[in-house]
Amino acid sequence: MANRIKKKEETKSSYQDNVALIMGVFTLIVLCVLPLVFHDFYFDILETKYQFYSVAAIAALVIMGGYGLASGKMIEWFSKFNFQTWRKSMNVCDWAMLAFWLCNVLSWVFCKDWKWEAFWGTSGRYNGVFLMTVYMASYFLVTRFFKLKQWYLDAFLAVGILVCVFGITDYFQMDVLGFKVNMVDEQKAIYTATFGNINTYTIYAAALLAVSMILFTQEKNQKRMFWYFGNMVLSSFALIMGTSDNAYLSLAAIFGLAPLWLFRTKTGFRRYVISAATFVTVILCINGINQAYASSVLGIDSAFGLIAKQKFLPVIAVLLWIMSAALVVMSRKPQALMNRTSSDKMNKIAVYIWLGIIVVVCLVVVFVLYDANAAGHADKYGAISSYVVFDDNWGTQRGYVWKRAIELFTKKLTPLQKVFGYGADTFALLMQYYFPADMQNGKMVIFDSAHNEYLHYLVTIGFAGMASYIVFMVSSIVAMAKRMKEQPVVAAVMLAVLAYMIQATVNINLPIAMPIILQLLAMGVGCRKTAVSEEKKD
């Protein structure tokens, strides 16, 4: 009897290891291969990555299903299926993902005119019901079967080095990959690396910065610490040299929210200051490069210029480095920069103070927006007026398309469509149908997206779809936050997802960067599930 039980446990362990291996391979494909995949350079970059990811995800699903049948585990699972047991294995993230997928399906079912487009997303960016189904399947596969290990994030960063180097060389107009040979000159500056549009590239670079920075702040091994520090420096250069103003929303999330976790320990506080000093130094270096090699680089307008030209910026950099050095010297042990000890904890007052700073900053931003728009005092904001005054030209015509998106939702959609939307990824068709005059009135941009992920979902899959998506993202953050103390590596994934969520207010959901973000999210949430199950066994 004992031998039979032992053999059964070994078989179960072997099965778990094998499925974890399959999902590990799938994870490496998404994190390490997808970023480098291309076919006809930028001309079909969206279609190529969409097809590659879809095929990889479906292949993973088929292999997992086939292995489950071959091993008899799937038959065993169905034979013991119990709804109550299944329900208890679901958390808020899982239910929200199912609700989001169902809203996509219902938007397609109720779509009267463009069912084909709503299913495949061919009128937009391929975010139709099909891709959302693939996303859902990938999410449940990864959260149930993947086992997070830090080296997966190391692999993610290693490939990121290549992408960042390509992006930086593009900033120097070298085009080492030859992607821009047949492009018109007007578009060369807004496409970079192996991601295409600079806004999409910014999502990826921000994720690299978030992961490398958090891993740097909590790494104990000296060599690995310098590995993460190097990645943090490189991704900082790449993010700024991507020339997208969207980057500064991600930076606000990374440097604004990270202290809520890092300031709980002396090491976290110390390394955060080092990270901040490093990033300010990167800004100064890029500004120096722009001045010394003005004819060789693309240059950066708008937000970067406002920051880099401030006379007090070098002073801030010096003060941060002095503070960093002082914190290292004041630490009890010389090696404290590399090691965390049981006495490393800090009083939570630092976290509360930082939280207060965040609240004050948010209130100031709200007041400025109100004062510049509703109160009509835009003139007194001078150089930043273009950022705080909302009109049709705000954010490269984002102001225009946001107004139209709200108008579509409030005036054009039926009550049922307000709940479930007009149809997944049909935004371009709605714009062309309801606002054809505006589309031809001197505007050369085709608005196939609301350039705000939440507004886009509001129109295409309705309030229910948008709400379920927000619940899914927020509940995922909460789920990861609950495990950070026991599994600090999850904090790196969580910060990358947070940066994406904030940048999504001005960006487009594309099957170029979104599969990577979703994979990171599922890795973090799945890590929590694995830990819970192991704790129960212990």
**Request:** Assess whether atom OH of Y433 is packed by more than 12 heavy atoms of other residues, nucleotides or ligands within 6.0 Å.
**Result:** no
**Request:** Check whether any side-chain N or O of T143 sits under 3.5 Å from a backbone N or O of M523 as a donor-acceptor pair, and report yes or no.
**Result:** no
**Request:** Could you tell me which residues satisfy salt bridge (charged side-chain N to carboxylate O under 4.0 Å, His left out) with D154, sequence neighbours excluded, listed by chain and number?
**Result:** R224
**Item:** OG1 on T202 to CG on N197, rounded to 0.5 Å
**Value:** 8.0 Å
**T426 side chain to G423 backbone, donor-acceptor under 3.5 Å** = yes
**Asked** Does the separation of the ring centres of F447 and Y400 fall below 6.0 angstrom?
**Response** yes
**Message:** Tell me if the aromatic rings of W394 and Y387 count as close, with their centers under 6.0 Å from one another.
**Reply:** no
**Polar contact flag, side-chain donor to acceptor under 3.5 angstrom, W321-T278** = no
**Item:** Aromatic ring proximity, centroids under 6.0 angstrom, F255 and F279
**Value:** yes
Solution key, residues 304-315 side-chain donor-acceptor pairs under 3.5 Å, sequence neighbours excluded:
{"residue": "Q310", "atom": "NE2", "partner": "L306", "partner atom": "O", "Å": "2.8"}

**Request:** Taking the six-membered ring for Trp and the full ring for Phe, Tyr or His, determine whether the centres of F43 and Y191 are under 6.0 Å apart.
**Result:** no
**Request:** Could you grab the distance from atom CG of L36 to atom NZ of K49, nearest 0.5 Å is fine?
**Result:** 7.0 Å
**Message:** Under 6.0 Å between ring centres: does that hold for F146 and Y152?
**Reply:** yes
**Request:** Test Y126 against every option in Y50, W120, Y53 by the ring-ring contact (aromatic ring centres under 6.0 Å, His included) rule and name the one that passes.
**Result:** Y50
**Prompt:** Can you tell me how far the CD1 atom of I240 sits from the CG atom of N290, to the nearest 0.5 Å?
**Reply:** 11.0 Å
**Prompt:** Parallel under 30°, tilted from 30 to 60°, perpendicular over 60°: which one fits the rings of F119 and F130?
**Reply:** tilted
**Message:** Any side-chain to backbone donor/acceptor pair from Q487 onto V489? Under 3.5 Å, distance only.
**Reply:** no
**Prompt:** Backbone N or O of V297 within a donor-acceptor pair of the Q173 side chain at under 3.5 Å?
**Reply:** yes
**Request:** Evaluate the ring planes of Y457 and F100, with Trp represented by its six-membered ring, and classify them as parallel (under 30°), tilted (30 to 60°) or perpendicular (over 60°).
**Result:** perpendicular
**Message:** For a quick test of reading the model, state the closest non-hydrogen atom pair linking I516 to P35 and the distance between them.
**Reply:** CD1-CG, 3.8 Å
**Message:** Any donor-acceptor pair under 3.5 Å linking the side-chain atoms of S212 with those of N231?
**Reply:** no
**Request:** On the 0 to 90° scale, with breaks at 30° and 60°, tag the Y139-F472 ring pair as parallel, tilted or perpendicular.
**Result:** perpendicular
**Message:** Check whether N246 reaches the backbone of Q503 with its side chain - one donor and one acceptor, N or O, closer than 3.5 Å.
**Reply:** no
**Message:** Ring centroids only, cut at 6.0 angstrom: are F179 and F41 within range, meaning strictly under it?
**Reply:** yes
